[in-house]
There are 2 protein chains.
Amino acid sequence: MARGKVQLRRIENATSRQVTFSKRRTGLLKKAYELSVLCDAEVAVIVFSQKGRLYNFSSNSEIQMTIDRYRRSANDADKYRADMEQHILAMRSNKSIFIQVLMFLQSFE
Amino acid sequence: MARGKVQLRRIENATSRQVTFSKRRTGLLKKAYELSVLCDAEVAVIVFSQKGRLYNFSSNSEIQMTIDRYRRSANDADKYRADMEQHILAMRSNKSIFIQVLMFLQSFE
DNA sequence: CTAGCTATGTATAAAAA
DNA sequence: TTTTTTATACATAGCTA
């Protein structure tokens with residue numbers, strides 16, 4: 001990109017990696033925004049830094065809507081099955097599942 | 001970006017919009033890939049064209065893992081409530097409630 | 001729609017603040 | 001870490017095929 005071509009591999013120098021992360025993250029979110037506006041597309045971006053900090057963009061008012069739509073679009077048989085399995089596994093390892101279920105169903109009727 | 005600066009608003013000409021979408025979408029996914037590699041970050045991108053076609057990228061082998069992580073990071077009280085409401089709305093208009101319930105539970109853990 | 005072609009507009013690496 | 005500067009590398013709008 002500038003003053004030197006970049007090799008496509010993890011930047012070893014921690015400081016450089018951090019600076020690059022900051023700049024490119026900003027650039028990525030900006031590009032996502034531009035794509036959504038120029039092309040009237042629905043775009044969602046999720047980024048986690050190495051330290052676990054979250055950065056995200058969503059053309060939708062609620063990124064959850066795009067995520068849900070993704071699920072619906074990507075749910076061919078295999079994907080569905082895989083997701084199901086994941087969900088079931090996730091549930092099995094959670095003790096407060098029943099409480100959550102009740103809370104949820106309650107608000108449903 | 002070339003031969004003329006672009007106004008940040010929906011491209012009216014359908015053909016131009018389509019071509020731009022194709023080019024920028026590719027560019028966005030590439031940038032996402034580069035960010036993930038260079039900075040060792042976890043990145044997920046979801047894009048829907050106007051026609052509803054899905055394009056996505058995930059630095060993780062399964063984008064679902066990044067989405068889950070997002071939920072965990074973003075679940076302050078308000079966000080939780082908003083998600084709940086959205087899921088409920090989604091469910092009301094969907095007959096496969098069982099599947100939706102499972103998917104929803106995943107967001108807790 | 002997909003694929004070059006270039007002139008230009010942008011993004012950004014490196015260095016320094 | 002974030003920002004600024006500046007030289008370069010990249011991305012891409014408008015065309016063409």
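Here is the naming used below: chain letters follow the sequence lines, and residue numbers restart at 1 for every chain. Just the heavy atoms: all of them, side chains too, but no hydrogens, waters or symmetry mates, feed the values below.
- B:V43 is not listed as a side-chain neighbour of B:Y33, based on a closest heavy-atom distance of 4.5 Å or more.
- Contacts of B:R69 classified as salt bridge (Lys or Arg N to Asp or Glu O under 4.0 Å), with partners at least two apart in sequence or in another chain: B:E42.
- Look at CG on B:L29: it is 18 Å from P on D:dC10, rounded to the nearest Å.
- Tracing side-chain contacts under 4.5 Å through hydrophobic residues (I, L, V, M, F, W, Y), one reaches B:V47 starting from A:V37; they form part of the same cluster.
- One atom, CZ of A:R53, and another, C1' of D:dT1, lie 10 Å apart when rounded to the nearest Å.
- With sequence neighbours left out, the side-chain contact (heavy atoms from CB on, under 4.5 Å) criterion links A:S16 to A:I11, A:N13.
- Between B:R25 atom CZ and D:dA11 atom C1' the separation is 15 Å, expressed in whole Å.
- Rounded to whole Å, the distance from CG on B:L8 to C1' on C:dT10 is 13 Å.
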Short heteroatom pairs, N/O only, protein and nucleotides 15-17 of chain C, under 3.5 Å:
none

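- In DNA chain D, runs of at least 3 consecutive Watson-Crick or G-U pairs, each pair with both distances below 3.5 Å, span C:2-17 with D:2-17.
- Applying the salt bridge (Lys or Arg N to Asp or Glu O under 4.0 Å) criterion to A:R10, with sequence neighbours excluded, gives A:E12, B:D40.
- Atom pair B:Q18:CD and C:dT2:P shows a separation of 7 Å (rounding to whole Å applied).
- The nearest pair of heavy atoms linking B:S73 to A:F48 is OG-CE2, 3.3 Å.
- Residue B:L35 is tested with A:T20, A:V45, A:L28 for a side-chain contact (heavy atoms from CB on, under 4.5 Å); the sole match is A:L28.
- Regarding contacts with the backbone of D:dA11, every side-chain N or O of B:K5 stays at 4.0 angstrom or more from both OP1 and OP2.
- With sequence neighbours left out, the side-chain contact (heavy atoms from CB on, under 4.5 Å) criterion links A:A44 to A:I63, A:T66, B:I46.
- Under 4.0 angstrom from either OP1 or OP2 of D:dA11 there lies at least one side-chain N or O belonging to B:K30.
- Whole-Å rounding puts the A:Q50 CD to D:dT1 P distance at 10 Å.
- The nearest whole Å value for the distance from the CG atom in B:L38 to the P atom in C:dT12 is 10 Å.
- Counting non-hydrogen atoms under 4.0 angstrom, B:T20 reaches the backbone sugars and phosphates but no base.
- Remark: side-chain polar atoms of B:E62 are paired, donor with acceptor, to backbone N or O of B:Q64 under 3.5 angstrom.
- A:Q7 has its CD atom 16 Å from the C1' atom of C:dT12, to the nearest Å.
- Using a 4.0 Å heavy-atom distance criterion, A:S16 is classed as making no nucleic acid contact.
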